[in-house]
Amino acid sequence: MRKIQFTETVLRDAQQSLIATRMPFEDFEKILNTMDKAGYYSMECWGGATFDSCLRYLAEDPWERLRKIRKAAPNTKLQMLLRGQNLLGYKHYPDDVVRMFVAKSIENGIDIIRIFDALNDIRNLEVAVDETNKRGAHASGTICFTTSPVHTLENYAKYAKQLENLGVQSITIKDMAGIMGPQEAYDLVKAIKESVKLPVVVHTHCTTGLAPVTLLKAVEAGADVIDTATSALSGGTSQFATETMAYTLRQLGYEVDLDDKVLKEVNDFFKPVKAKALETGLLNPVVLATDTDALNYQVPGGMLSNLVAQLTAQNKLDKFEEVLQEVPRVRADMGYPPLVTPMSQMVGVQATQNVLLGKYKNVSKDVRSYLKGEYGKAPGEINADLLKQVLGDEKPIEGRFADGLAPAFEAAKAELGDKAKSDEDVLSYIAFPVQAEAFFEKRDEKERNTFKYTIKEV
Ligand code: CO
């Protein structure tokens, strides 16, 4: 009987996908102790938008949140998502910042760091993986799933092998758009399993409705861990339900070490959280539904809604079909980047401009940076004419973009002075300067008020 393990995503991806990552710590504080007894492989609780949202909307220190989760759930592996050399954002950071961020994440409680690059350029994972290994934590080498003539099973298997050689302890297949079909999942997991000896984790979203069948076929092909969300916050743009998948896999004869009683307690706890979010409008019922448009267009749901918004703003919604037909052409010209942030936005905006203004009449600064190689290496060949038109005689970057970046941690620390109370503060500032500074001010003010209050009490 093969054992299948579960990563619970309610504290990160599920709430990011359904309620814009607006769950304050108080909303889940009281269930952490219970969740700790569920038997999860790991709890994804940090990284992605949680960090930004803590600072920007919730007036929470993301590092403190992590320490509190660690304390309340000492027996479960805590997991975060990291965009390789981009950390939590969309631009590359110098190596000293990447190393410090990884080291501090682990020091504050993270056990597993899922590390990916939007282009699957392994050079953008190297430093983060190396530091994770040095600190004794688990690096999960993550592959962004997409379809294109260059994203073949052979290439994916080769990439998995490279990740294994880099020293990762597991391979995660990340289907951020929920467009991976069951046969694709089966073939991909099989190919990776034949290429490496590492556990394989599968991450997908319910957006198009494929998730449960895709997860099932992934398990059949040998996947060891799957990502799911407690049922109250599952489905739609979130992950598929933990309880349903546990039930299914057990019925099919797999071993699942989850405690059903605990799972029910967890779900019962989040039911009112969901009800409140529906009531306030934070949770829009639309995101809970199945939307198959992404399957027809092979474009992620988020990108489709962006395109509609862009065209509506310019009163050009009648060009929608034309833009959708332009998307794969632009993507081909750009060497088939996976349609994940920030590539999905770049390709979408370029396709729109090509239709509205004429083919490559206007090329955005971001696309120019991409063509120069500032995001990493394109998966396929970039159209030579496009390169020449945009870069002229300028040569694209040969090496790793971060090699040309000067160390930045000490400079940021000096710049902040006593506004930063710790190295963690400096990292918050480097990642989100405006939000972090505003948060520091609020925090200082709160401290001053507490101080005044204490004096009065005495
Ligand atoms: Co996701």
Side-chain angles (χ1 to χ4, degrees), residues 5-23 40-53 78-84 86-90 110 112-120 125 140-147 170-181 184-185 188-189 200-215 218 223 225-231 233-242 245 283 287-288 290-291 294-295 299-306 337-345:
Q5 291 186 285
F6 287 65
T7 290
E8 172 60 53
T9 68
V10 67
L11 304 181
R12 207 284 296 175
D13 205 357
Q15 65 134 335
Q16 182 173 329
S17 301
L18 295 180
I19 54 170
T21 339
R22 299 296 163 78
M23 204 189 283
Y40 302 128
Y41 167 79
S42 66
M43 286 200 293
E44 192 193 38
C45 63
W46 217 58
T50 59
F51 203 96
D52 182 19
S53 182
L78 301 185
Q79 184 175 305
M80 74 175 290
L81 183 68
L82 193 82
R83 308 177 70 93
N86 301 21
L87 299 177
L88 307 172
Y90 304 115
I110 289 293
I112 301 174
I113 309 188
R114 200 176 265 183
I115 306 168
F116 78 101
D117 176 66
L119 292 173
N120 290 329
L125 274 67
S140 189
T142 302
I143 303 172
C144 287
F145 173 80
T146 189
T147 53
S170 63
I171 301 286
T172 298
I173 300 167
K174 179 178 163 68
D175 172 28
M176 50 277 160
I179 54 169
M180 181 165 62
E184 286 164 323
L188 185 52
V189 171
V200 171
V201 185
V202 178
H203 174 87
T204 185
H205 288 254
C206 283
T207 323
T208 62
L210 286 172
V213 281
T214 293
L215 289 176
V225 182
I226 54 174
D227 278 15
T228 56
T230 189
S231 55
L233 289 173
S234 72
T237 52
S238 176
Q239 273 71 51
F240 190 63
T242 309
M245 213 60 213
L283 173 54
V287 301
L288 290 171
T290 301
D291 184 347
L295 296 180
V299 163
M303 191 174 159
L304 284 176
S305 45
N306 276 344
L339 293 177
V340 55
T341 311
M343 300 307 150
S344 45
Q345 286 82 346

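Ligands are counted one by one from 1 in listed order, and the atoms in each one are counted from 1 as well. Residue numbers count from 1 along this sequence.
- Considering only residues two or more places apart in sequence or on other chains, Gln79 meets the side chain to side chain donor-acceptor pair (under 3.5 Å) condition with Ser42.
- Thr237 and Ser17 share no side-chain donor-acceptor pair at under 3.5 Å.
- Legend: protein N/O/S atoms lying under 2.8 Å from the Co ion (ligand 1), waters omitted, number 3.
- Residues passing the side chain to side chain donor-acceptor pair (under 3.5 Å) test with Thr50, sequence neighbours excluded: none.
- Checked options Arg114, His203, Met180; the residue passing with Lys174 is His203 (criterion: side-chain contact (heavy atoms from CB on, under 4.5 Å)).
- For Leu88 against Gly47, the heavy-atom pair with the smallest separation is CD2-CA, 3.8 Å.
- Annotation: salt bridge (charged side-chain N to carboxylate O under 4.0 Å, His left out) contacts of Asp52 (sequence neighbours excluded): Arg56.
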